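Being a predicted model, the structure only gives us computed values, none of them experimental. We name chains A, B, ... by the order of the sequence lines, and we start the count at 1 in each one.
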2 protein chains.
Amino acid sequence: MTETHSLVGALNPLVGYHLRRASAVFAADFAAAVEGTGMRQVLIGILAVVAASPGINQGAVGRILGIKRANMVSLINELIDAGMIVRETDPTDRRAFTLTLSPAGTAMLDDCTRRIEAHEDQLLAGFSAAEKAMLLDLLGRIEKRAAPTD
Amino acid sequence: MTETHSLVGALNPLVGYHLRRASAVFAADFAAAVEGTGMRQVLIGILAVVAASPGINQGAVGRILGIKRANMVSLINELIDAGMIVRETDPTDRRAFTLTLSPAGTAMLDDCTRRIEAHEDQLLAGFSAAEKAMLLDLLGRIEKRAAPTD
DNA sequence: TATTGTTATACTCTATAACTATA
DNA sequence: TATAGTTATAGAGTATAACAATA
């Protein structure tokens, strides 16, 4: 039996519920951190993945971030229109595009990363370094259970 | 300096990113657990909160779950149409509705709760009881930083 | 004047299916 | 036949503003 007396009743013992709510807190914090930049979580994710593997193609970026091929298209177009990503046809496979960051893209990623880290430090002010490391370890072990997106 | 060599580059040190991904794993697991019931995360959340506080009104449910008043309307209507929630005007405040679960709502909540817990046990099979407790504690401390939704 | 619930609306995210061009 | 990218579309989640009825 799993009885509780909290306001959320049966949700209280569920890890998924608490992940969802904690994630929402960080999402709101993210939004505040990057306010005025026009960036969103997905876009920063794409910039970070392209920065980590210059020349990577669209499909690979999507697979890493759990975004479907079909949904990558407009996201990449947005970043190209904003002058942050450069798309060139891959000479070794003419179906594919290689993606790299422009200087503006690199600058935006760096700026946002700094802002987000500063905000996260605030949000996690009550956490010891060991607690933060523990949290990242536990989350990492959960992430490994992810199914391929596409 | 915060350099990394992972596939997600600058995202790797960010707690918010890993919360998002871990949360997505649980969301997919949730969907599998309740498949065929027609239930979704928000709907189960509402059922659980109403079950925990019978006679609660719509606005209060939304405040607890972080759902805006405007978005509560159609969700509650869905649950009433499905015969899971009973809505009556509050005799002490004729602007408000009191919500309670019907027997069907109680049965659905119980069924889904059992399914979800079984799925979560699978997903967290590699976690000791202490690790799960630690995760819930850390997430709970993050949730406390949530801003009011409405 | 504030609060409960409502309507209308819009944007983002996510998902599927069908298409093209290359491999 | 399989893969990279595209288009079209639809559902769900979330956000704002304006309104009616009641407090």
Novice: State whether B/Arg20 places a side-chain N or O below 4.0 Å from either non-bridging phosphate oxygen (OP1 or OP2) of C/dC13.
Specialist: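 For C/dC13, OP1/OP2 do not have a side-chain N/O of B/Arg20 under 4.0 Å.
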Novice: Do B/Arg115 and B/Met39 touch side chain to side chain, with heavy atoms closer than 4.5 Å?
Specialist: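 When only atoms from C-beta onward are counted, B/Met39 and B/Arg115 do not touch, as no gap falls below 4.5 Å.
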Novice: Of the nucleotides C/dT22, C/dT4, C/dA8, which one has an atom closest to the side chain of A/Asp93?
Specialist: C/dT22
Novice: Which nucleotide, D/dT14, C/dA17, C/dA23, lies nearest any side-chain atom of A/Ala70?
Specialist: C/dA17
Novice: How close or far is atom P of D/dA4 from atom NZ of A/Lys68, stated in whole angstroms?
Specialist: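 Checked: the NZ to P distance equals 15 Å.
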Novice: Expressed in angstrom and rounded to an integer, what is the separation of B/Asp90 atom CG from C/dT3 atom P?
Specialist: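 The answer, rounded to whole Å, is 17 Å.
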Novice: Let me know the distance between CD of B/Glu88 and P of C/dG5, rounded to the nearest Å.
Specialist: 14 Å
Novice: Looking only at the side chain of A/Arg40 (C-beta and beyond, no hydrogens), which of the listed nucleotides D/dG5, C/dT16, C/dT12 gets closest?
Specialist: C/dT12
Novice: Could you tell me how far apart B/Met72 (CE) and D/dA15 (P) are, to the nearest whole angstrom?
Specialist: 14 Å
Novice: For B/Leu75 and D/dA15, what is the distance between atoms CG and C1' respectively, to the nearest whole Å?
Specialist: 14 Å
Novice: Please tell me which of A/Gly59 and B/Asn71 maps to the more 5' nucleotide of DNA chain D, matching each residue to the nucleotide holding its nearest heavy atom.
Specialist: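 Per heavy-atom nearest nucleotide, the more 5' residue is A/Gly59.
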Novice: Check whether any side-chain N or O of B/Thr98 sits under 3.5 Å from a backbone N or O of B/Asp90 as a donor-acceptor pair, and report yes or no.
Specialist: no
Novice: Take the protein atom CG of B/Leu65 and the nucleotide atom C1' of D/dT14, then report the distance between them rounded to whole Å.
Specialist: 14 Å
Novice: How many whole angstroms separate atom CD1 of B/Ile76 from atom C1' of C/dG5?
Specialist: 11 Å
Novice: Are any of B/Gln58's side-chain N or O atoms less than 4.0 Å away from OP1 or OP2 of C/dT6?
Specialist: yes
Novice: Scan A/Arg69 against the nucleic acid and name what it touches under 4.0 Å (heavy atoms): base, sugar-phosphate only, or nothing.
Specialist: base
Novice: If you compare every side-chain N and O of A/Arg94 against the phosphate oxygens of C/dA23 (OP1, OP2), does one of them come in below 4.0 Å?
Specialist: yes
Novice: Categorize B/Asn57 for me: base, sugar-phosphate, or nothing, with a 4.0 angstrom heavy-atom threshold over every strand shown.
Specialist: sugar-phosphate
Novice: Nearest to the side chain of A/Arg87 - C/dT6, D/dT6, C/dC13?
Specialist: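 Nucleotide nearest to A/Arg87's side chain: D/dT6.
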Novice: Please check if the side chain of A/Glu120 supplies one atom and the backbone of B/Gly16 the other of a donor-acceptor pair under 3.5 Å.
Specialist: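 Side chain of A/Glu120 to backbone of B/Gly16: a pair is present.
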Novice: Could you state the CD1-P distance from A/Ile67 to C/dA15, rounded to the nearest angstrom?
Specialist: 11 Å
Novice: Nearest to the side chain of A/Val73, heavy atoms from C-beta on, is which of C/dC13, C/dT6, D/dT7?
Specialist: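 Nearest nucleotide to the side chain: D/dT7.
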Novice: Answer yes or no for B/Arg20 and A/Phe26: cation-pi contact, defined as NZ/CZ to six-membered ring centre under 6.0 Å and angle to ring axis within 45°.
Specialist: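 Output no; distance or angle outside limits.
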Novice: Which nucleotide sits closest to the side chain of B/Arg95: D/dT16, D/dT3, C/dA2?
Specialist: C/dA2
Novice: Any donor and acceptor pair, going by atom type alone, linking the side chain of A/Ser102 with main-chain N or O of A/Gly83 inside 3.5 Å?
Specialist: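 Yes; judged by distance alone, with no hydrogens or angles, the pair exists.
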